[in-house]
Amino acid sequence: MKPHLIFDYDGTIHDTLRIYFPALQRAFRWLREEKGVDVPEVPRHQAASWLGMNTRDMWNSFLPGLPMELKQKAALLAGEAMAEQVRAHRAAWYPGVRDVLDTLKSRGFHMSILSNCQRSYGLIHWEEFGMDRWFDAFYDCETYGHAPKSGIILEIGRTLPPPYVVIGDRDSDLDCARASGSPFIGCLYGFGSPAELSGADCLIRKPEELPRALERWTD
């Protein structure tokens, strides 16, 4: 029996920083110019470190003293800016990802996405990239009350029973795998550090290495 492949999305399939960083800049400008908030300058590497966190955790960690209504509005502005870029076809998957997914599909794997994103974000990407060609479902954290992936995967298990292999680039994906008793393949080409992926069962440095890495868990 082949395991169901549970993919993270941002940093594993989607090269997110190219649309995430300018979207954050728009939200920061609004906070500075319209609300008088002293928002520190954010380098790209710091923005990259937030990818893989859900929106609520990101804003709480970056500006913990900011009133909740401003956090929510800034998050909404950033989300709208990202959606605009997706509709303008500026979003991109990592090179080689489509070929890898075609290979896995041809080998009989079933695949789903589990992402720390909002529902609308998942839907727009699903449509833009024609993701139903490869994936059975796109699970987002908003639908599950912004629960951590480690909790969501247990909920998913009620209708999509294991075995799974979890594939991602952050420690939240590793936690997800451990919560479900699943192997974890860490993606070093994403936004996580090698240290946070040190507990992975296997590490890959580019998407093309994934089919070979999966051989150890298939019949």
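Below, all heavy atoms of this structure are taken into account, side chains as well, without hydrogens, waters or symmetry copies.
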Practice prompt. State, to 0.1 Å, how close Ala27 and Ala74 come at their nearest heavy-atom pair, and which atoms those are.
Written response: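 Ala27 and Ala74 have their closest heavy atoms at CB-O, 3.5 Å.
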Do the non-hydrogen side-chain atoms of [X] and [Y] ever get within less than 4.5 Å of each other?
X: Glu155; Y: Tyr139; answer: no
X: Asp140; Y: Ser115; answer: no
X: Cys141; Y: Thr55; answer: no
X: Leu5; Y: Leu210; answer: no
X: Val100; Y: Tyr94; answer: no

Worksheet entry | Co-membership, hydrophobic cluster, residues Ile167 and Ile113, 4.5 Å side-chain |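 Both belong to a single hydrophobic cluster.
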Can any side-chain N or O of [X] pair as donor or acceptor with the backbone N or O of [Y] at less than 3.5 Å?
X: Arg170; Y: Leu51; value: yes
X: Ser150; Y: Pro148; value: no
X: Ser180; Y: Cys176; value: yes
X: Asp169; Y: Phe191; value: yes
X: Arg29; Y: Glu34; value: no
X: Gln85; Y: Arg90; value: no
X: Ser61; Y: Met58; value: yes
X: Gln46; Y: Val42; value: no
X: Arg178; Y: Gly199; value: yes

Discussion item. Given the ring of Tyr189, does Lys206 sit roughly above its face, with NZ or CZ under 6.0 Å from the centre of the six-membered ring and within 45° of the axis?
Written reply: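 No, a cation-pi geometry is absent between Lys206 and Tyr189.
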Item to complete: Take atom CD of Glu127 as the centre, draw a 6.0 Å sphere, and report whether it contains more than 12 heavy atoms from other residues, nucleotides or ligands.
Response: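 Atom CD in Glu127 is not packed in, count stays at 12 or less.
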Fill in: Within 6.0 angstrom of Lys105 NZ, more than 12 heavy atoms from elsewhere
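Atom NZ in Lys105 is packed in, count exceeds 12.
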Look at the aromatic rings of [X] and [Y] and report parallel, tilted or perpendicular, splitting at 30° and 60°.
X: His110; Y: His4; value: parallel
X: His125; Y: Tyr121; value: tilted
X: Trp93; Y: Phe135; value: perpendicular

Worksheet entry | Result of checking Asp173, Asn54, Asn116 against Lys149 for side chain to side chain donor-acceptor pair (under 3.5 Å) |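 Output: one option passes, namely Asp173.
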Worksheet entry | Salt bridge present between Arg212 and Glu209 (N-O < 4.0 angstrom) |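 Not counted as a salt bridge, because no side-chain N and carboxylate O are separated by less than 4.0 Å.
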Fill in: Partner set under side chain to side chain donor-acceptor pair (under 3.5 Å) for Trp126, not counting sequence neighbours
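So Trp126 forms no side chain to side chain donor-acceptor pair (under 3.5 Å) with any residue.
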Item to complete: Using only heavy-atom distances, determine whether the side chains of Trp134 and Asp102 contain a donor-acceptor pair under 3.5 Å.
Response: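 Result is yes, a qualifying pair exists.
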